[in-house]
Number of protein chains: 2
Amino acid sequence: MTPRPYSPVNRRRAVDAGRDRILDAALQLLQRDFAAFSLDAVARKAGITRMTVYNQFGSKAGLLEELFDQLVTRGAFADMPAVFAEPDPGDALELFVEILGRFYSENRSVLSRMRAAAGSDPDLDEAMRKRNERRRRGIETLVQRLDPRQRPSVPDGELVNTLDVLLSFNTFDSLAGPERTPSDVAQLVRRLVRGVLGGRNPGPLRTRPKKRGSRRK
Amino acid sequence: MTPRPYSPVNRRRAVDAGRDRILDAALQLLQRDFAAFSLDAVARKAGITRMTVYNQFGSKAGLLEELFDQLVTRGAFADMPAVFAEPDPGDALELFVEILGRFYSENRSVLSRMRAAAGSDPDLDEAMRKRNERRRRGIETLVQRLDPRQRPSVPDGELVNTLDVLLSFNTFDSLAGPERTPSDVAQLVRRLVRGVLGGRNPGPLRTRPKKRGSRRK
DNA sequence: TGACGCATTATACTCTATGTATAATTACAT
DNA sequence: ATGTAATTATACATAGAGTATAATGCGTCA
């Protein structure tokens, strides 16, 4: 009945190493060719059995979730604290854009594959949604710090939504291309953000507003 | 050797009716519950055999492609000619946003499902990409019509890319929500577009630019 | 009417993939 | 040596896409 003491430290270590090898295998497969990505392929690449993957991660969605979290805890996101330490909200936003841009371009292929996988897996979809919430909350915080008198004439909620779209992986992914480097994209997005923040009810789209008469064609 | 003449008009009619019933069934399944969407389910709902679906559409991707095309030829896109007939390029863009917004919200659930399906189907992915190209070309045309002196200080290529992102289904889908009607979203996107077009190198993001000295922190 | 063209059906496969179940094995801990 | 827990081997179940083939049904045309 009373279980005897058992603290398998080395054991844990070995198991964790195994987890990492699985995550690495998954990462590589997602980077190289998405088509070849399956739990079976991951297991083979990691040199273990498919059953072990289920043991450790429960499901495909579980594996991808943990992989995402691992990507976040390393790399570009390391600089995130600086964003919220930055006293000027404008600068903070600039930095935020920059960090997100770096994160997106560092992990572009993987994120692209994950988005795809989430499309046909409700669990994973929900998980990714939750993680996007974090970004949104970050934006909310930054927006609230903006000087009220300088805020554009949109309700805060809509402002947050708009910024959230502009700072999404989708936007970066669409804007990035062969001849547009990650920093180019970040610059472009910064310009968009400025347009949203600075543009207080810009006029209508008519490009030649006051040329009298002469409705051509 | 010489095939004898054969013009099965009534036959064609019956077959086409069958195709429409399949497309309808697919549409309804995609609208109601995506999880239940499979060629088997479509066939059952249409009252025919799965083999017939393959006969008519070749594959799942083929079915979805034709479904998309059918959505485009009806509904909101009917007003598209007016966009390019509109002499003022600014007004044309406004109208373009409006029509796209209507199309996206009319078919939101279906488009969302299709995007998901395209994620795990390279064929469909390519097909959707091709169809997005059309929108892009439309934007290109409209941008070229803009008065050069009024164009923002960005190269045309980047301007087109940016607009393309803003007018994508993704943007609308992200911005739409429970308390934001389609026309609200269209308005929001129009504002974004204005920001891009009108905003000629807006200043940096700092919100309190000239408060002398006092670089806090 | 009878033969032909062609779409549909019924049936039976093949593949790939996720996920579950279970007993045996292995590695570590005490 | 014995308990603990992860891993493995193996077998199934389920689901979906796609292919193959023979039979059937239905317009079409001579």
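Heavy atoms only: backbone and side chains are in, while hydrogens, waters and symmetry mates are out.
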Quick check for you: among [options], whose closest atom lies nearest to any side-chain atom of [X]?
X       : options                : result
A:Met51 : C:dG19, D:dA9, C:dA17  : D:dA9
B:Val9  : D:dT28, C:dT9, D:dT8   : D:dT28
B:Ser59 : C:dT11, D:dA17, D:dG18 : D:dG18
A:Tyr54 : C:dT18, C:dA7, C:dA29  : C:dT18

Ring-face cation contact, A:Phe57 with A:Arg19, 6.0 Å cut, 45° max: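 So A:Arg19 does make the cation-pi contact.
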Cationic N near anionic O, under 4.0 Å, A:Asp88 to A:Arg145: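 Looking at A:Arg145 together with A:Asp88, the answer is no, because their closest N to O distance does not fall below 4.0 Å.
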For C:dA27, does either OP1 or OP2 sit under 4.0 Å from a side-chain N or O belonging to A:Asn10?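 Looking at the OP1 and OP2 atoms of C:dA27, neither is under 4.0 Å from any side-chain N or O of A:Asn10.
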Under 4.0 Å between a side-chain N/O of B:Thr52 and OP1 or OP2 of C:dA7, yes or no?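 No, B:Thr52 has no side-chain N/O under 4.0 Å of OP1/OP2 on C:dA7.
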Along DNA chain C (nearest heavy atom to each residue), the more 5'-positioned of A:Ala36 and A:Gly58: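 The answer here is A:Ala36.
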Has the side chain of A:Arg11 got a donor or acceptor that lies under 3.5 Å from a partner of the other kind on the base of C:dA29?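 Absent.
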Would you kindly check whether a donor in the side chain of B:Arg50 faces an acceptor in the base of D:dG18, or vice versa, at under 3.5 angstrom?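 Checked by distance alone, the answer is yes.
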A side-chain contact here means heavy atoms from C-beta on lying under 4.5 Å apart; do B:Phe103 and B:Leu111 qualify?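 Side chain of B:Phe103 against side chain of B:Leu111, heavy atoms only: contact under 4.5 Å found.
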Report yes if some heavy atom in the side chain of B:Asp20 is under 4.5 Å from a heavy atom in the side chain of B:Asp24; otherwise report no.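 Not touching, per the 4.5 Å side-chain cut-off.
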Heavy atoms only, 4.0 Å cut-off, all strands: where does B:Asn55 land among base, sugar-phosphate and nothing?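 Base: the residue B:Asn55, judged by heavy atoms under 4.0 Å, touches a nucleobase.
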Would you mind reading off the distance between A:Asp121 atom CG and D:dG16 atom C1', rounded to a whole angstrom?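 Nearest whole value for this atom pair: 15 Å.
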Relative to the 5' end of DNA chain D, which residue comes earlier, B:Ala35 or B:Ala14, by the nucleotide with the nearest heavy atom?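 Of the two residues, B:Ala35 wins.
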